[in-house]
Asker: 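The structure follows.
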Amino acid sequence: MSEEQKVFMRMAIELSKSGMESGKGGPFGCVIVKNGKVIGLGSNSVLETNDPTAHAEIVAIRDACKNLGHFQLEGCEVYTSCEPCPMCLGAIYWARPSKVFFANDKKDAANAGFDDDFIYKELDLPYAKRKIQFVQGMQESANKVFQEWILKENKTLY
């Protein structure tokens, strides 16, 4: 990492510490940067908001997208205090930044009591064998809306 990149990573780590100490949520922080300028900040705020999706990366992505006035983060870099969980990883891919830097990895998170490995394992299971049962129904009706989307001429792809 360059010295500038280390500055942004230190910011993410400090956000993880301050968010944890304030009782907002777990020890996770995230900074999003574009052209050397911070455009999004987030610390885990699951406990503060009673929102299980309020992970640091999600909070920072929302902040950055609001500040950019766009739903994608092309040309941006994400600095996060820990390797993203499956949910955050999905959000990062949808946001399309150019690069992700992380400090702790998923093994460090598991050692601290944040073990998301079971989610990766759940994804490979058939719907009926997952810990939370998934039941598919009315696919034909719902698929008609997808067909309308496919034919829609004035859509914004993302």
Side-chain angles (χ1 to χ4, degrees), residues 1-127 129-134 146 149 154-158:
M1 292 178 101
S2 72
E3 287 306 312
E4 181 181 52
Q5 292 164 337
K6 288 179 182 177
V7 167
F8 297 129
M9 184 60 79
R10 283 187 199 99
M11 289 175 70
I13 293 168
E14 182 52 39
L15 282 168
S16 74
K17 183 174 171 49
S18 63
M20 174 191 68
E21 289 176 343
S22 72
K24 289 174 62 173
F28 302 94
C30 184
V31 175
I32 300 178
V33 175
K34 185 167 187 166
N35 300 324
K37 181 182 175 197
V38 174
I39 60 161
L41 298 170
S43 61
N44 183 294
S45 58
V46 168
L47 300 176
E48 177 184 56
T49 62
N50 292 318
D51 178 354
T53 69
H55 290 198
E57 295 90 338
I58 302 295
V59 173
I61 288 169
R62 289 174 180 161
D63 187 40
C65 288
K66 180 178 135 194
N67 290 331
L68 286 176
H70 198 268
F71 57 86
Q72 291 187 329
L73 300 175
E74 293 168 348
C76 296
E77 295 176 339
V78 175
Y79 295 84
T80 183
S81 64
C82 188
E83 182 176 0
C85 74
M87 176 186 67
C88 294
L89 185 62
I92 287 167
Y93 272 94
W94 284 121
R96 293 177 173 78
S98 61
K99 194 176 283 190
V100 176
F101 297 89
F102 63 96
N104 290 317
D105 63 22
K106 59 186 174 185
K107 289 179 186 174
D108 297 320
N111 289 336
F114 300 96
D115 188 3
D116 299 323
D117 189 52
F118 82 94
I119 296 173
Y120 291 109
K121 290 177 182 171
E122 286 283 303
L123 293 174
D124 289 332
L125 294 174
Y127 299 136
K129 293 194 177 194
R130 294 179 179 175
K131 288 187 187 333
I132 298 173
Q133 189 179 15
F134 282 66
F146 274 174
W149 171 259
N154 63 339
K155 62 187 167 200
T156 300
L157 296 175
Y158 57 95

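What you see is a predicted model, and the numbers here were worked out from it, not measured in a lab. Atoms considered below: every heavy atom in the structure, side chains included; atoms not considered: hydrogens, waters and symmetry mates.
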Asker: Look only at the side chain of Asp63 and the backbone of Leu41, and say whether a donor-acceptor pair between them is shorter than 3.5 Å.
Answerer: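 Yes, because the side chain of Asp63 sits within donor-acceptor range (under 3.5 Å) of the backbone of Leu41.
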Asker: Where is the tightest heavy-atom contact between Pro84 and Val100, given as atom of each residue plus distance?
Answerer: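 That would be CG-CG1, 4.5 Å.
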Asker: For Ser81, enumerate each residue passing the side chain to side chain donor-acceptor pair (under 3.5 Å) test, keeping only those at least two apart in sequence or located in another chain.
Answerer: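 For Ser81 there are no side chain to side chain donor-acceptor pair (under 3.5 Å) partners, ignoring immediate neighbours.
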Asker: With side-chain contact (heavy atoms from CB on, under 4.5 Å) as the criterion, how do Leu15 and Cys30 come out once you've worked through the C-alpha distance, each side chain's angles and the decisive distance to 0.1 Å?
Answerer: CA-CA 7 Å; Leu15 282 168; Cys30 184; over 6 Å; no
Asker: Pair Lys24, Asn44 - check side-chain contact (heavy atoms from CB on, under 4.5 Å), show working.
Answerer: CA-CA 7 Å; Lys24 289 174 62 173; Asn44 183 294; over 6 Å; no
Asker: Using 30° and 60° as the class boundaries, would you call the ring planes of Phe134 and Tyr127 parallel, tilted or perpendicular?
Answerer: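 Ring orientation, 0 to 90° scale: parallel.
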Asker: Taking salt bridge (Lys or Arg N to Asp or Glu O under 4.0 Å) as the cut-off, I'd like each qualifying pair that reaches into residues 94-116, sequence neighbours left out, listed once.
Answerer: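 Matches after skipping sequence neighbours: none remain.
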Asker: Looking only at heavy atoms, what is the nearest atom pair of Lys34 and Leu68, with distance?
Answerer: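 Looking at all heavy atoms of both residues, the shortest contact is CD-CD2, 4.2 Å.
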Asker: Please find the pair of heavy atoms, one from Glu57 and one from Thr80, that lie closest to each other, and give the distance.
Answerer: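 Nearest pair, atom of Glu57 first, then Thr80: OE2-OG1, 2.8 Å.
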Asker: Using a cut-off of 6.0 Å, state whether more than 12 heavy atoms not belonging to Tyr93 lie near its atom OH.
Answerer: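 Incorrect, the count does not exceed 12.
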Asker: If you draw a 6.0 Å radius around NZ in Lys155, do more than 12 non-hydrogen atoms from other residues or ligands fall strictly inside?
Answerer: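 Yes, because the 6.0 Å sphere around NZ of Lys155 holds more than 12 heavy atoms from other groups.
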Asker: Quick check: does any side chain N or O of Gln72 sit under 3.5 Å from a backbone N or O of Tyr158, one acting as donor and the other as acceptor?
Answerer: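 Answer holds: no.
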Asker: Met11 vs Val33, test: side-chain contact (heavy atoms from CB on, under 4.5 Å). Steps then yes/no.
Answerer: CA-CA 11 Å; Met11 289 175 70; Val33 175; over 6 Å; no
Asker: Kindly say whether the aromatic ring centers of Phe101 and Phe8 come within a distance under 6.0 Å.
Answerer: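 No, the ring of Phe101 stays outside the 6.0 Å limit from the ring of Phe8, centre to centre.
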Asker: Using side chain to side chain donor-acceptor pair (under 3.5 Å) as the criterion, list what pairs up with Glu83, not counting sequence neighbours.
Answerer: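 Residues passing side chain to side chain donor-acceptor pair (under 3.5 Å) with Glu83: none at all.
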Asker: Apply side-chain contact (heavy atoms from CB on, under 4.5 Å) to residues Thr156 and Phe71 and explain how you reach the verdict.
Answerer: CA-CA 11 Å; Thr156 300; Phe71 57 86; 3.9 Å; yes
Asker: Between the side chains of Lys6 and Glu3, is the shortest nitrogen-to-carboxylate-oxygen separation below 4.0 Å, so that they form an ion pair?
Answerer: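 Salt bridge between Glu3 and Lys6, a charged N being under 4.0 Å from a carboxylate O: yes.
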Asker: Determine whether a donor-acceptor pair (N or O, by modelled atom type, separation under 3.5 Å) exists between the side chain of Ser43 and the backbone of Ser16.
Answerer: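 The answer is no, because no donor-acceptor pair under 3.5 Å joins these two groups.
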Asker: Are the side chain of Asn67 and the backbone of Ile39 linked by a donor-acceptor contact shorter than 3.5 Å?
Answerer: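 Yes; judged by distance alone, with no hydrogens or angles, the pair exists.
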